[in-house]
Number of protein chains: 2
Amino acid sequence: MDRPRKPTLDTVASAVGVSRATVSNAYNRPDQLSAALRERILETAASIGYAGPDPVARSLATRHSAAVGIMLGQPLCAAFSDPAVSLVLDGLASTVDGHDHCLVLMPGGTEGGPRPSTVARAQADVVVAYSLPDDAPALDVVRARGLPLVVIDQPVLPDTARVEVDDVGGARMAAAHLWELGHRRFGVLTFGTRAGFLSGREGAFRVTRDRLTGYRDVVGHAPVWECAGSNRSMGRSGARELLSLTPRPTALLCASDELALGALQAVRDLGLRVPADVSVMGFDDVPEAEHAEPPLTTVRQPLAEKGRRAGELALRLLDGGRPGEPTRLPVSLVERASTARLT
Amino acid sequence: MDRPRKPTLDTVASAVGVSRATVSNAYNRPDQLSAALRERILETAASIGYAGPDPVARSLATRHSAAVGIMLGQPLCAAFSDPAVSLVLDGLASTVDGHDHCLVLMPGGTEGGPRPSTVARAQADVVVAYSLPDDAPALDVVRARGLPLVVIDQPVLPDTARVEVDDVGGARMAAAHLWELGHRRFGVLTFGTRAGFLSGREGAFRVTRDRLTGYRDVVGHAPVWECAGSNRSMGRSGARELLSLTPRPTALLCASDELALGALQAVRDLGLRVPADVSVMGFDDVPEAEHAEPPLTTVRQPLAEKGRRAGELALRLLDGGRPGEPTRLPVSLVERASTARLT
DNA sequence: TTGTACGCGTTATCAG
DNA sequence: CTGATAACGCGTACAA
């Protein structure tokens with residue numbers, strides 16, 4: 001059989017003997033026609049196999065698609081496997097839940113952030129950018145398309161809704177804690193877009209630049225290894241680099257828990273122990289931090305809350321609201337067992 | 001200022017002095033026009049503030065949207081907070097990654113599965129349904145819209161791509177393990193759409209019906225409490241019901257790890273101990289199971305692999321492939337510390 | 001390169 | 001009230 005063209009509003013309209021507009025009303029404005037006619041239309045539609053107005057055509061006409069877009073700096077799977085990202089998205093999703101919107105996850109390309117072509121094709125009424133590099137081209141596309149934008153963490157853009165945490169303050173707390181424990185030789189493990197030792201304060205992420213600033217405020221100069229991303233295996237190899245330095249650092253300041261969890265492994269790899277030989281400090285306080293071996297001392301940031309706030313901002317923009325001032329959430333130090341006094 | 005209409009292909013075309021088709025070609029078929037003209041068009045577009053072809057209009061014309069839809073039986077946030085769901089989605093996402101498609105998450109309504117209106121409006125080229133109830137209306141909508149469909153776990157639909165595991169076999173393993181440990185008084189904790197004791201083999205989920213069958217094959221009759229969903233708090237309260245029966249069960253067969261984790265808590269609530277007083281058996285083997293207190297004995301199913309397979313099927317259907325036979329993945333028993341010989 | 005016929009609905013505005 | 005007419009939303013793709 002040759003595939004019969006899919007029925008459209010017109011198909012139904014002519015089958016019933018009314019105009020297309022009336023069929024449209026039967027679906028969208030029941031009060032605009034008699035119940036009897038509406039019934040007849042719906043029945044005919046069902047018998048023809050008409051599934052209701054095409055969502056794309058409808059979006060084209062109405063100019064909205066009932067979807068919240070999310071731009072990630074990482075592959076799609078990170079949304080479900082990176083604990084910090086999932087926590088933020090969990091919060092975001094819980095806010096969006098009940099508003100009958102879909103969540104459109106855009107995969108991050110290689111350069112941090114979705115490819116411009118991906119963003120150009122994504123169908124959403126508002127976009128939430130999760131921690132993209134400062135120069136992410138994806139952001140320009142969102143701007144050009146005139147879509148409302150909410151930024152989580154970074155980059156800092158003028159007149160843009162944003163939610164962030166006190167990264168400098170958090171980093172200071174982390175460093176101060178180790179300093180007070182007597183540590184004087186530090187290694188810093190941070191994340192960016194490429195791997196290697198860092199000399200200046202470069203780096204594509206405001207978040208890590210701020211954390212670096214906070215660390216340095218307290219400990220002064222220290223070797224910094226930047227990982228190409230934030231996951232355990234990168235943290236593990238980066239920590240190995242830091243721990244091979246002479247003199248060896250007695251404490252590792254990690255810009256994320258994932259990196260710190262990798263660092264824990266690296267210390268073991270070298271036959272050393274945490275915290276007896278090396279103290280390890282994280283950042284984020286993901287659930288895994290508490291169950292790590294040993295439990296990780298870290299800087300807690302309210303990840304789920306960050307997502308919720310971002311979701312609220314997105315919904316507000318959707319309603320035509322203004323971006324408003326950036327929301328800044330507090331951080332706090334969580335002392336567990338991966339840091340100890342220098343003996 | 002009164003908002004100027006957003007520029008369109010036509011705006012650019014007349015600004016450059018060419019036809020709309022040519023501008024379209026400049027974006028989609030660079031080889032169809034001279035490099036110089038293309039350059040001029042793109043420049044003009046940029047100066048006008050044209051962001052490129054509207055994605056919705058393009059989708060309307062091309063009939064596809066470069067998106068994979070996912071229908072959940074739960075709220076959106078479950079995608080990121082329920083460990084079993086995230087693992088499956090992680091696998092699914094890792095397969096879709098690199099194909100430049102977005103993931104469209106549709107929120108589940110109250111009756112298990114997204115509301116028909118949600119599905120009717122979602123824009124995707126293929127839809128993956130994750131463990132929806134047999135009668136989920138969302139599935140009819142997908143059918144009516146003629147979208148390719150991949151089902152994970154259930155329901156069983158004719159001529160539909162599906163990936164599942166051996167639920168009956170897994171449940172038998174679980175029950176047999178406890179039986180061999182000497183247990184004879186069992187309580188079964190399962191999930192469905194409403195809470196209460198179950199008498200027959202009813203239940204909206206093939207998965208839980210199969211697991212129930214497997215349990216009963218081994219242990220015969222046993223009281224069954226059905227939770228309204230699968231999470232810890234429901235498991236906790238359901239387990240309390242089972243543990244208040246006289247005589248009290250010595251072993252709890254749980255249809256998911258989340259329920260089992262809740263059951264662990266319930267046992268503690270009653271001042272009893274696992275496994276000394278009550279053995280608890282899970283199903284799924286989520287990462288949390290290993291770190292539970294005590295570590296959970298459970299039936300392992302390859303969750304990430306299930307997602308990956310579903311992703312592959314989705315991509316195949318996207319290419320016009322046939323559904324093929326259902327994929328069935330194996331399960332295995334993982335013995336840990338939440339079950340013990342009856343003393 | 002371009003003309004032009006679709007793709008499929010929505011939403012005033014208008015007539016009965 | 002009920003329902004119809006017609007303009008509009010923005011591109012794509014094929015024939016000329």
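We name chains A, B, ... by the order of the sequence lines, and we start the count at 1 in each one.
You'll find that the side chain of A:T22 is closest to D:dA4, out of D:dG9, D:dA4, D:dT12. When each of C:dC8, C:dT11, D:dA13 is scored by its nearest atom to the side-chain atoms of B:T62, the top-ranked nucleotide is D:dA13.
Here the closest non-hydrogen pair linking A:M71 and A:A138 is SD-CB, 3.9 Å.
The phosphate of D:dG9 has neither OP1 nor OP2 within less than 4.0 Å of any side-chain N or O from B:T8. Contact annotation: A:S19 does not reach the phosphate of D:dA6 (side-chain N/O to OP1 or OP2, under 4.0 Å). The shortest distance between the side-chain N/O atoms of A:Y50 and the OP1/OP2 oxygens of C:dC8 is not below 4.0 Å. Close to C:dG7, at under 4.0 Å from its OP1 or OP2, lies no side-chain N or O of B:R63. Taking side-chain N and O atoms only, B:R29 has a distance below 4.0 Å to OP1 or OP2 of D:dA13. An OP1 or OP2 oxygen of D:dG11 is reached within less than 4.0 angstrom by no side-chain nitrogen or oxygen of B:S24.
Where B:L60 and B:N25 meet DNA chain D, the nucleotide closest to each residue was compared, and B:L60 sits on the side nearer the 5' end.
Using a cutoff of 4.0 Å between basic side-chain nitrogens and carboxylate oxygens, B:R308 and B:E312 are not scored as salt-bridged.
Judged by distance alone with a 3.5 Å cut-off, no donor-acceptor contact links the side chain of B:R20 to the base of C:dG3.
At the heavy-atom level, B:Y27 lies nowhere under 4.0 Å from the strands shown.
B:R40 and B:S34 form no side-chain donor-acceptor contact under 3.5 Å, judged by distance and modelled atom types alone. Residues A:D54 and A:T8 have side chains that never bring a donor and an acceptor to within less than 3.5 angstrom of each other.
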